[in-house]
Amino acid sequence: MWDFLQTYGGRLAEGTLVTAAQFALATAVALVAALAAGLGRLSAHWPVRAAATTYVEIFRGTSLLVQLYWIFYVLPLFGISLPKLTAGFLSVGLNVGAYGAEIVRGSILSVQRGQWEAAYALSMSPWKRMRRIILPQAIVLMLPPWGNLLIELLKGTALVALIGVADLMFVAKQINGSTFLSAEAFGTALVIYYLLARVLITPAMRRLERSMARRLGRA
Amino acid sequence: MTFDWKWDFVWEIAPRLAAATLNTLLAAGSGYAIALVLGLALALGQRTRWPALTFILRETLEFIRSTPLVLQIFFIFYVGPQVGITLSPWVAGMMAIGLHYSAYLSEVYRAGIEAVPKGQWEACRALNMTTRDTYARIVLPQAVPQAIPGMGNYLVGIFKDTPMLSVIGVTELMQTANAIGSETYRFLEPYTLVGVIFLALSLPTAGLVRLLERVLRRKLGM
């Protein structure tokens, strides 16, 4: 095992960095998509609602792998050729964003009625009401489910290996292919994914939850 | 190559995709069956008298839930033969999906069991029921209906994760679409059809799960 890490540790670390980059970029895409679609589904204008609902249903109704292949292999036929790195984080981000949109929508609707009414009574504009009153409270509500969703996102990034992005999964597969040290290669990759999820993502989200709650004077 | 959708090509590949859809459904169904049984066992395993067992199970399930399914599929498929268990792609795939989702389902069961009111347990004890009878006749019949919506969501989840089985060569939808694509150099129709088939199957199922949830809520007076 020690020999294995000495020989392949460097490559696995490079793969982990690519996974981390895919994770960060996909998270950014997911946040923007989720916020846009989540607010879109609550819009007063039906075309906006329809567009947001279509996006959410399509991306939640099909598999991430199907979306990834479609974006990477079929979109070029429409004249949109994306490099594999971009196709990778974009698919993962859009997929997770569709699930995130439901979290955004749900938590906005769970902000207490009185808060909406008070903002209305102070004759705030809808935009100001959303930005200053509703969203800050909704964010506190949506952080715990986002914590779980980000772990799903991290797991989702493993699929980008299948279009050739040299992430952790890809490196593990390569090492397995050339050495047949399957248990070591896949086992180490599994442990790294686990550590990324439990040592980085979960504690970071906990910290964020606490600091957001404090800023709203609730902790 | 530019965008040109060919309907006759669609009809040509439709039978192969239909057969693959059956395989996908079969894979989802058998993976789900394994997950349902194993998930219950894992949920009950956390409720024994041995805290060490609870701890080990909980950490293992946490590990399974936080690592990618596709990597677990590879692990089982490639490491199995090295320890003397040669698995066909189908068996390895079903084991991986079953194990992965049993980790999620055990949480659903656990929540269902914990939602059974304390009085029910006390009544069982007062009636001198065995642990076995308490679970089989009182607790589980109340816990399972509670858990059904969660169980339904994971059925849809398993269905949508079956394309990952294509990585070890299970001939489900994705694998078939890949094969068609590499034989004919046409990717537009096969990949789009796979997407449409997934939508056509998962949207009604998800709708059905929501309906079931509403009906159950009313029946259980929640």
Side-chain angles (χ1 to χ4, degrees), chain A residues 19 57-80 95 99 148 150-162 167-169 172-173 176-177 180-199 201-202, chain B residues 1-5 24 59 62-83 100 156-157 159-167 172-175 177-178 181 186-207:
Chain A
T19 290
E57 293 297 343
I58 286 184
F59 277 85
R60 288 203 321 165
T62 58
S63 311
L64 171 56
L65 193 54
V66 178
Q67 292 152 22
L68 184 68
Y69 281 4
W70 207 89
I71 287 179
F72 189 62
Y73 292 109
V74 179
L75 265 192
L77 306 180
F78 294 85
I80 309 168
N95 178 272
Y99 291 89
N148 289 330
L150 286 186
I151 300 211
E152 295 299 319
L153 188 148
L154 175 71
K155 288 159 61 183
T157 61
L159 289 180
V160 302
L162 300 176
D167 71 337
L168 179 55
M169 166 85 207
K173 230 175 94 183
N176 174 61
F180 294 105
L181 294 170
S182 311
E184 290 87 344
F186 292 131
T188 312
L190 281 171
V191 170
I192 296 176
Y193 276 111
Y194 177 74
L195 292 178
L196 287 177
R198 289 295 148 206
V199 180
I201 302 177
T202 306
Chain B
M1 195 159 46
T2 49
F3 168 71
D4 62 328
W5 179 272
T24 288
E59 290 305 310
E62 188 76 63
F63 185 88
I64 295 174
R65 273 196 303 267
S66 14
T67 50
L69 173 57
V70 65
L71 196 50
Q72 293 167 3
I73 294 176
F74 275 123
F75 189 89
I76 291 182
F77 186 60
Y78 285 104
V79 177
Q82 295 183 353
V83 292
H100 191 80
V156 183
F159 172 62
K160 284 185 293 190
D161 272 353
T162 52
M164 289 189 205
L165 295 173
S166 66
V167 297
E172 44 64 68
L173 266 172
M174 201 71 233
Q175 167 78 6
N178 287 339
R186 291 192 66 85
F187 292 95
L188 170 65
E189 292 89 349
Y191 284 156
T192 309
L193 284 175
V194 169
V196 170
I197 293 171
F198 267 100
L199 267 185
L201 288 170
S202 73
L203 287 186
T205 317

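Every chain is numbered from 1 and lettered A, B, ... according to where its sequence line falls, protein lines coming before strand lines.
Looking only at side-chain heavy atoms (C-beta outward), A:L65 and B:S166 come within less than 4.5 Å of each other. Looking at heavy atoms from C-beta onward, A:Y69 lies in side-chain contact with B:N178 at the 4.5 angstrom threshold. Residues A:W70 and B:T192 form a side-chain contact, since some pair of their non-hydrogen atoms from C-beta on lies under 4.5 Å apart. Residues A:K155 and B:H100 meet the side-chain proximity criterion, which asks for heavy atoms closer than 4.5 Å. Between A:L159 and B:M164 the shortest side-chain heavy-atom distance falls below 4.5 Å. Under the 4.5 Å side-chain criterion, counting only non-hydrogen atoms from C-beta, A:M169 is in contact with B:V70.
For A:L190, the parts lying under 4.5 angstrom from a heavy atom of chain B are both the backbone and the side chain. The contact between B:V167 and chain A is made entirely by side chain atoms (from C-beta outward), counting heavy-atom distances below 4.5 Å. Interface remark: B:M174 contributes side-chain atoms only to the contact with chain A (heavy atom separation under 4.5 Å). With a threshold of 4.5 angstrom between heavy atoms, A:E152 approaches chain B through side-chain atoms but not through N, CA, C or O. For B:L203, the part lying under 4.5 angstrom from a heavy atom of chain A is the side chain only. There is no contact between A:I201 and chain B, counting heavy-atom distances below 4.5 Å.
Checked against the 6.0 Å centroid criterion, the rings of B:F75 and A:F186 do not qualify as a close aromatic pair.
Among B:G195, B:P81, B:A200, the residue making the largest number of heavy-atom pairs under 4.5 Å with chain A is B:G195. The candidate from A:L64, A:N176, A:L162 with the greatest count of non-hydrogen atom pairs under 4.5 Å with chain B is A:N176.
Between the side chain of A:S182 and the backbone N or O of B:V79, no donor-acceptor pair lies under 3.5 Å.
Between A:Y194 and B:F63, the two ring planes are tilted [angle within 30° to 60°].
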